[in-house]
Every structure is written in C-alpha cells, then in structure tokens.
Amino acid sequence: MKRLLITAAAATAAALTLSACGTTESADDEAKKGAESFTLTDDTGAKVKLNGPAKKVVGTEWNVVESLISLGVEPAGVSDVKGYKTWDSAVPLKNDPKDVGTRGEPSMDTIASLKPDLVLATTDLSAAAVKQLRKVAPVLTVKASDAADPIGQMNKNLDLIAKATGTTEQAEKLKKDFDAKLAAGKKKLAAAGHGGAKFAFADGYVTGNQTSIRPYTGGSLIGAVNEKLGLKNDWKVKGDKVYGLGTTDVEGLTKLDEKVEFAYIGNDGDKGSNPFAGVLKKDKVWTSLPFVKKGNVHRLPDGIWMFGGPESMNRYVDSVVDTLKK
Amino acid sequence: MAVTATTPATRPSTVASRTGAAAVTAALVLLVAVLAVVDIAQGTASVGAPEVWKALTGRAEAGDSSVVIASRLPRMTAGLLVGVVLGMAGAALQAVSRNVLAAPDTLAVNAGSYLALGIAAATGLSLPLLASSGVAFIGGLAAATVVLSLSGLGTGTVRLVLAGSALTFGLTAVTEGLLLLRPRETEGLYKWNQGSIAQNGFDGVLQMVPVAAVGLVGLVLLARRVDALALGDDAAQGVGVPVRSTRVIAVVLAALLSTAAVTLAGPIGFVGLCAPALVRPLARRFRVLTKSRARLPFAGLTGAALVLGSDVLLRAVVPSDTAVAVPTGVVTSLVGAVFLIVMAARARDTAGAMPTERLRIRSRATFVVTAAVLVLALVGVTIAGVLIGDSKLLLGDVVNWTQGRSGQAVTFVLDTRVPRVTAALLAGAALALAGTLIQAVTRNPLAEPSVLGVTNGAAVGAVLLVTTVPAVGSWGIAGGAFAGAAMSSVLVFGLAARGGFQQNRLVLVGFGVATGSTAVISLLIILTDPFNATKALTWLSGSTYGRTFPDVVPLAIVLTVGLAVAVTRRTELDLVSLDEDTPRLLGLNLSRGRLGFLVLSVLLSATAVAAAGTIGFVGLVAPHAARALVGRQHVRVVPVAVLLGAVLVCTADLVGRTVIAPAQLGAGLMTAVIGTPYFLHLLVRSRR
C-alpha cells in the first residue's frame with residue numbers, strides 16, 4: 001500500500017513537471033464568421049441559436065444520423081458507427097465519421113474535440129447529458145418518436161434538422177418523394193388485391209432458451225406507414241408511448257388473424273435478432289400458426305432501420321410491396 | 001405457506017409420524033399439481049382452462065393444442081424441473097456445509113454462471129444449449145469453490161453468506177460492465193438475469209433432464225453419507241464415511257443441478273435457500289424428513305411449489321402482455337430477500353464477534369507522512385483526471401480555463417470533465433466518511449453503506465423519481481435518494497438493533513435489503529422503460545456521466561457538514577468504537593450519539609448516490625486501509641480514509657472513462673472489482 005502511494009506521488013511530481021507548461025491550442029482559434037444567425041426551437045422547448053447553417057454535425061442517435069445523410073450533410077461524429085453500419089445499410093454513411101461512443105452515453109470529450117457546429121440528440125439521451133452537451137455546442141433535441149403521430153414526428157424532425165443545416169429544399173423533396181412513394185405503394189398493393197389486408201410487423205430476440213417478440217403497433221413508425229399503404233394493423237397489444245412497441249411471446253401470435261400477412265426484419269450481423277428464421281422453425285406453436293402454414297411470413301431485407309427517416313421508410317415500402325406482390 | 005397449513009396433528013409414535021408425513025407429502029404433491037394445472041391455463045394466447053382440458057383430452061383445435069403442447073407444457077415442466085433441482089441443490093448444500101443459509105445464490109453459483117455466460121455472449125460466441133450449460137457449470141462451480149474454501153466448511157453460517165454475497169456483487173458488477181459495453185451482443189442478457197421459465201418448446205427441457213437426473217440420482221445415492229456428516233466430521237469419520245470426498249461430490253452435484261436450472265431459466269433467485277428452510281419445521285414433527293433420502297426430494301417438491309406459485313401469482317396479478325416482460329425470478333428474489341431478512345433477524349449469531357483488528361500503534365510521524373503522500377496522490381489523480389480523457393490536455397489549458405481565457409474546444413472539454421472529476425472525488429470522500437462512521441458506530445468491520453443496502457435503497461429512490469418525474473432536478477434526485485436510503489436504513493438498523501447490533505446479523509439483513517432493492521429496481525426498469533435499460537444500468541453501475549456542477553452541490557454541502565461533525569466529535573467516535581461499557585462509565589449518552597452518526601452517514605451515502613450512482617465497497621476499503629496505515633484514533637482515521645476514498649473513486653472514474661474510450665464504464669464497476677477481493681481478504685483474515 002505504502003509503496004504504491006509513494007510511486008503515485010513520484011509519478012505525480014513527474015507529471016507536474018512534464019505538463020506544467022504549454023497548452024494544446026493555438027491563440028487565434030476563435031475567428032468568428034459574420035454569418036447570419038438564426039434561432040430554432042426544439043422538441044424540449046429549448047431555443048437554439050445557430051451562427052448560420054451547421055456544417056459540422058454530430059448525431060447521438062441513428063435516426064438523426066440517417067436524416068442528416070439523406071439531407072446531404074455528412075455527419076462529423078456518429079454514435080456506435082459499427083452498429084449503424086449493421087442496422088442502417090439502407091442509408092449508408094458516405095464519409096468516415098468519428099465514433100463518439102455508445103448511443104446511451106456518447107463521449108463528451110470526443111464530441112467536444114470535433115468542435116461541432118451542432119449536436120443532434122433525441123429525448124432518449126439523459127437530460128443531464130444534453131445539459132452538458134449544450135456547453136459543447138448548440139444541441140437540438142428531437143423527440144425520438146411519438147406513438148400519437150409517428151410519421152408527423154419523423155417529418156417534423158427532418159424539417160428541424162433541415163432548417164439547422166440549411167437544407168430545407170432537400171427536405172421538401174424527401175417528404176414529397178416519400179408521399180409519392182406511399183401513394184404509389186398503396187395503389188400497387190390495391191392492384192395486387194392487398195387493399196385493406198391484415199398485416200403485422202415485428203422483430204424478435206432470442207436469449208438463452210426464450211424468445212421475446214416485439215410487435216410494432218399502429219403507434220410505431222412502421223405501423224403508421226403500413227396504414228398509409230392501406231394495410232390494416234392486426235396487433236391487439238398496447239405499445240409504449242414513444243416508439244409504439246409492445247411485448248409478447250410466441251403464444252401471443254395466436255391472437256393474430258389467420259389471414260394476416262406477417263413481416264419482420266432481422267440482421268445477419270446480429271445472431272440473437274432473428275428468431276423467425278431460426279429457433280422458431282422448430283417451434284410447434286409457430287409452425288401451427290395459420291399464417292405460417294400458409295407461408296404468409298415475409299423477411300424484409302436487412303439494413304432498413306425501423307426507427308429511421310424517409311429514406312429507410314421508402315426502402316421499407318418498396319420491400320413490402322415487392323414481397324406482398326409475389 | 002399452504003404447505004404448513006395442511007399439517008395434521010401428530011402423535012409422538014413413529015407410525016403416526018409416518019402416516020402424517022405421507023399425508024403432508026400427498027398434500028404437497030397435490031398443491032404442486034394444482035399449481036401446474038393453473039400455470040398451464042395462463043398465458044398470452046387466449047387458451048384458458050376449457051381449451052386446456054380439451055387439448056389434454058385430444059379434442060381441441062390444432063392451434064390451441066399446439067399452444068398447450070409447445071408453449072404451456074414446456075413452461076410448466078421447466079418450472080417444475082427448476083424448482084425441484086434448486087430445492088434439492090439447496091438442501092444438499094445446507095446438509096454438507098451444516099449451514100442453514102447455504103444455497104446456490106448465497107454460494108455465488110448463479111453469479112458465476114451468469115458471468116461465464118456473459119463472457120461467452122460478449123465475445124460473440126453463439127453456443128448450443130448444452131455447451132453453454134457447460135460454460136455456466138464451470139463458472140458456477142468455480143464461484144462455489146472460491147466461496148466454500150474462503151468461508152471454511154461447517155464453520156460460521158454467516159461467513160459463508162458474506163463471502164458468497166460479496167462475490168456475487170463483484171461478479172455481477174463485471175457482468176454488468178459487459179452488458180454496458182456490448183449492448184447488442186448481450187441484449188436480453190439483463191432481462192435473462194432475472195430468470196424466467198418460459199421456453200421455446202421442449203428442446204431445452206429435454207436436454208437438461210439428463211443433467212438434472214444425474215444430479216438428483218447422485219444426491220439420493222449420496223444421502224446416507226450426507227446424513228453421517230450431520231453428526232460432525234469426527235463422528236462421520238468414525239463410522240467410516242469419507243468426509244472430504246462426500247462434501248466435494250455433493251457440492252459438485254449441487255452445482256451441476258443449479259447450472260441446469262440457470263441454463264434453462266436464468267437465475268431464479270433464492271428458491272434453493274427457501275425450499276429447504278420451509279422443510280425444516282416439518283422435519284421437527286416428522287422424523288422421516290430428517291433423513292436426507294426423504295428430505296431432499298421433499299425439498300425439491302417444495303421448490304417446485306415455490307417456482308410455480310411465483311409464476312402463477314405473477315400471471316394472475318399482472319396483465320398477460322406485461323407479465324411476459326416481468327421475469328419469474330424477480331418475484332422469487334423479492335420473496336427470497338424478505339425470507340433472508342427474517343432468517344437473519346432470527347438467526348443466532350453463531351460465528352461470534354469478529355475479533356478486533358490487531359493493529360500496531362502508529363507514530364505521529366507515520367500519520368503525517370501517510371497524509372502527505374495521500375494528499376500528493378490526490379493532487380496527482382485529480383490532475384490526471386482533468387488532463388486525461390478522449391482528448392488530452394496540458395496544464396496550461398487548465399490555467400487558461402480557470403481564468404476564462406481558454407479557447408472553445410478546451411472550454412468544452414473542461415466544462416464537462418471537471419464536474420465529473422469533482423463528483424468522483426466528493427462521492428469517494430463521502431462514501432469513505434460514511435463507512436468510517438458506520439463501522440465506528442456498529443463496531444463492525446464489515447459494515448458499509450453498500451453492503452448494508454443503504455446505497456441500493458438510495459438508488460431505488462433515485463430511479464423511482466427519475467422514471468416517474470422526467471424533469472427532476474439535482475436536489476429532487478438527492479431528495480429521492482435520501483428517502484430511499486432512509487427507508488432502507490431504518491429497516492436494516494431497526495431489525496439489527498434488536499440484540500444490540502449483533503455484528504453479523506446487521507450485515508445479513510443489509511444483504512437481504514440490498515438484494516431486494518436490486519429486484520425492485522429491475523422491476524421498475526422493466527415496467528416503466530423497457531427499451532432504455534442503459535439509463536438505469538448507468539445508475540446502478542455508479543457513473544459520473546453527464547454530471548454538472550449543480551448536481552454536485554448537495555453532496556458538497558453534506559460532505560462539509562459531515563467532516564465538521566466528524567472532526568469536532570472525534571473523541572466520541574473513538575469511545576463509541578471501543579466497546580459498549582467505556583462510554584457508559586464516562587456518562588456518555590450512547591444511543592443518541594449513535595443515531596446522530598448513523599443519520600449523518602445515511603445522508604452522506606444518499607447524496608453520493610444522487611451524484612454518482614451506486615458505488616460499492618469504497619466505504620469498506622477506505623476506513624480499513626486507513627486504520628491499517630495510521631491506527632485507530634479517529635482524528636487520524638477520518639482524514640486518511642476520506643483522502644483514500646477520494647483517490648480510489650477518482651482513479652476508478654478515470655480508468656472507466658479512458659480504457660475503452662470513446663465508450664465508458666461506470667466508476668462503481670471498477671470499485672466493485674477492487675472491493676470484492678478486499679472484502680474476501682478481510683473475511684479470510686478475520687477467521688484466524
């Protein structure tokens with residue numbers, strides 16, 4: 001113990017002499033540009049002042065990162081880059097952004113070292129962390145999602161991010177394309193005889209010997225898109241207030257209508273994420289479900305982020321139309 | 001319990017006892033059967049009792065019968081198997097260790113298995129069930145071996161639980177670190193850790209049945225030798241029973257049984273502890289049950305009734321879609337925690353008092369040198385904490401920052417980093433002071449806010465407030481933490497006060513409260529914010545993440561008051577910590593002084609939790625090391641302990657922030673990794 005303390009003390013003395021002088025920054029770091037500044041109000045009611053459109057942006061959640069890329073802004077920092085690449089390959093990163101840590105606890109230091117013009121966070125990030133980030137840069141906190149109006153919330157987030165980055169034109173185009181996509185998709189499905197078809201989307205996780213299934217109710221983004229496509233959501237479970245996600249087990253699927261079309265997204269990069277093509281193949285409850293027997297189970301392509309923005313949803317609409325038309 | 005309610009009146013004759021025992025067994029079998037049938041009729045599908053009946057008689061629709069056959073029956077069978085296996089494992093462990101508190105949980109078997117599986121999951125191994133059960137077996141057996149060898153077989157009841165629970169804390173901390181690190185790879189492992197008997201068909205059950213059978217048959221064959229051990233080691237040796245090998249075989253078999261249960265359903269807490277304990281009063285009436293050959297299966301049946309009963313209760317009380325998310329293990333953990341507390345409050349303190357530490361008298365010079373070195377170390381760690389991080393700075397930057405002349409980037413970094421370093425320093429100091437006070441007042445070298453359940457109680461209060469009031473501020477969180485800490489400490493100290501703070505009873509009750517609080521926190525997370533476990537895990541792993549200066553203010557105020565009180569009343573602390581009589585002879589009002597110190601230490605722990613989450617073991621390690629360095633006088637112990645605590649937590653925070661940057665680990669995980677071996681070391685040393 002004592003030797004340890006003495007070593008620590010000696011190390012301290014050495015550190016003091018080594019680090020005593022010098023700074024890590026040059027003197028003329030603060031050359032302010034005289035751009036026109038503007039103020040935005042985010043979903044927490046905070047007023048965020050920006051000195052011109054933000055160019056260097058950090059995103060702490062994947063949905064805001066996806067919106068940024070769709071708007072043509074390459075993010076400077078992204079939480080869990082590897083995870084993003086696995087789960088959102090529909091809207092791939094075009095640059096090589098800095099990894100700023102986990103989505104739950106992005107690193108303040110790393111974000112600060114990027115000297116961003118703007119940090120985009122969602123209400124999933126703790127209020128304390130947002131408070132700290134505000135000292136690093138202006139922070140826009142958008143609602144992660146809103147089960148009362150998921151598509152509206154997605155568009156609202158896109159608009160806000162577009163205003164902050166000066167890309168409103170691109171946002172209008174994205175929204176228009178998305179509306180067109182929905183209308184066209186609805187038409188195609190109706191033409192294929194799927195107008196008003198019962199539909200259920202879920203994902204699932206396998207842990208140990210158990211399977212949890214996560215129903216996407218009408219309050220989820222995907223659930224809302226399904227309704228716009230003229231499909232009828234068949235889940236009876238209640239979803240949470242933010243994401244519109246419920247919980248159930250394999251048994252719970254027996255409550256789905258026998259004519260339901262069942263779709264899911266898994267990921268080959270994540271072994272526990274795909275019970276439907278894995279363990280359930282041998283599960284009698286699953287195999288005796290009427291819609292499974294009829295083969296009305298559809299695996300949609302990997303990499304469409306279920307909580308993403310218009311481009312992920314475009315991709316989702318395409319794949320739903322494709323798979324149902326088959 | 002229904003089991004004891006049906007106990008018929010008995011006469012002392014053996015024949016009557018035999019029929020009585022048969023009647024009780026029959027009643028128990030009936031109870032288990034009823035619970036099993038009720039369990040089959042519960043679930044998320046709308047398959048109720050009538051459909052189940054049709055399915056069992058082969059007249060149901062295909063869909064309904066497949067639900068019964070592939071979902072309900074496997075779940076019921078798993079519950080039955082897990083209960084039997086855990087009940088027998090507990091009974092066997094208690095018999096060979098002659099220890100009423102031995103069980104898979106208290107021997108850290110479950111925690112060992114959990115860690116082994118966690119490592120396997122985090123490294124991306126996707127193992128078939130039998131292989132993962134092998135991994136879990138190795139982990140569980142290793143943990144049990146460590147605990148048993150540290151506590152010594154057949155010695156103190158309490159020591160075993162202390163060693164096991166401490167190891168459980170440490171191992172769980174490491175596993176939770178893995179969960180935070182690899183959220184995707186280990187997704188669901190957190191939920192799994194609570195234990196749930198739901199199954200994907202019969203596959204798992206069928207694979208585990210042979211493993212369980214080996215264990216069960218083995219134990220029954222070993223029963224006679226186990227009975228001999230009850231006579232005492234020498235007597236057993238006298239009748240020709242090999243004591244050592246009997247114990248080793250029994251422990252290995254019990255570990256095998258509990259890993260079978262863990263692999264199948266996750267750790268279902270405390271069944272192995274409660275089931276044999278429920279059999280004990282019956283055994284006093286029916287002589288047959290004192291024989292292991294009858295007692296082990298009976299304990300197994302009781303275990304099955306406990307597991308199925310908890311599952312039935314859960315599904316009956318909570319709506320079915322919510323019940324899916326609430327693991328059975330949380331229910332048994334809550335029941336078990338209450339049980340542990342009751343047992344501890346009633347248990348006689350067989351281990352006796354811990355011997356007072358034999359410490360050399362230290363000279364004044366030693367104190368001055370130690371304090372000086374510590375101050376230097378503190379300065380060093382603080383500087384390192386401020387300079388080192390994802391972006392490295394130099395001292396000149398800090399000087400500029402303090403004068404408001406630093407550039408944007410440096411200001412950003414320091415504005416966020418300095419409050420974290422401050423929170424770590426103050427939390428460490430506060431916890432060390434709280435530990436010093438509690439150890440003095442209870443004269444218990446193992447007493448400590450986290451061991452006594454005070455920090456976990458505070459976390460319940462804080463998490464409850466954070467989940468229900470999203471916009472709560474720093475004072476609000478501190479208040480919530482204090483309310484939780486106050487409630488848990490009133491419970492712990494209130495129960496332990498009977499019989500004048502018996503040394504080990506206090507710690508046992510504390511462990512019970514700590515376990516119960518953890519179950520409550522899990523329940524809160526699952527019910528309120530199922531898709532954001534990171535938030536709560538952050539609290540539980542003691543993180544300084546996102547702290548700002550206002551968050552630290554309550555802690556700073558309480559710490560200042562605490563230090564002032566400790567310094568001005570240092571002689572009283574010395575006297576209180578000495579023995580029961582001296583202060584009384586000197587005319588001091590002991591109970592009031594004790595109460596004051598206790599309230600102060602609860603306040604200190606609560607504000608520390610509010611500022612930095614649950615950081616364990618600092619309050620244990622710091623005062624100990626301080627006494628070892630500078631002797632027992634509080635005028636010396638207090639400053640040295642406080643300095644040590646600050647250095648320790650600040651270092652833990654620094655390491656947690658930097659080793660896996662830009663991701664990070666909580667400071668509490670790091671202190672648990674340091675603190676657990678230290679706690680075990682203290683246990684070993686006090687045995688001599």
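Lettering follows sequence order; numbering is per chain, from 1. Note that the coordinates shown come from a computational prediction; the quantities given were computed from them, not determined experimentally.
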Heavy-atom proximity to chain B below 4.5 Å, by part of A:Pro290: neither

With no hydrogens and no angle check, just 3.5 Å: does a side-chain donor-acceptor pair link B:Thr416 and A:Gln132? no

For A:Val279, is it the side chain, the backbone, both, or neither that has a heavy atom closer than 4.5 Å to a heavy atom of chain B? side chain

Partner residues of A:Thr254 under the side-chain hydrogen bond (donor to acceptor under 3.5 Å, both in side chains) criterion, sequence neighbours left out: none

Is A:Met108 close to B:Tyr545 at the side-chain level, that is, under 4.5 Å between some pair of heavy atoms? yes

Neighbour count above 12 (heavy atom, 6.0 Å) for A:Lys238 NZ: no

Would you say that more than 12 heavy atoms from the other residues, nucleotides or ligands in this model lie under 6.0 Å from the NZ of A:Lys259, or not? no

I'd like to know which of A:Gly101, A:Ala137, A:Ser79 tops the heavy-atom pair count under 4.5 Å against chain B. A:Gly101

Measure the spacing between OG1 of B:Thr658 and CG of A:Asp109 and express it to the nearest 0.5 Å. 10.0 Å

Applying side chain to side chain donor-acceptor pair (under 3.5 Å) as the test, list every pair that has at least one member in residues 280-292 of chain A; sequence neighbours left out. A:Ser288-B:Ser66

Atom CD in A:Glu105, atom CZ in B:Arg657: separation rounded to 0.5 Å? 12.0 Å

For the CG atom of B:Asp415 and the CG atom of A:Leu133, what is their distance to the nearest 0.5 Å? 12.0 Å

Is there side-chain contact between A:Glu251 and B:Arg75, with heavy atoms separated by less than 4.5 Å? yes

Name the region of A:Lys255, side chain, backbone, both or neither, that has any atom closer than 4.5 Å to a heavy atom of chain B. side chain

Kindly indicate, with the supporting measurements, whether the criterion side-chain contact (heavy atoms from CB on, under 4.5 Å) is fulfilled by B:Leu414 and A:Lys135. CA-CA 10 Å; B:Leu414 287 178; A:Lys135 292 193 184 150; over 6 Å; no

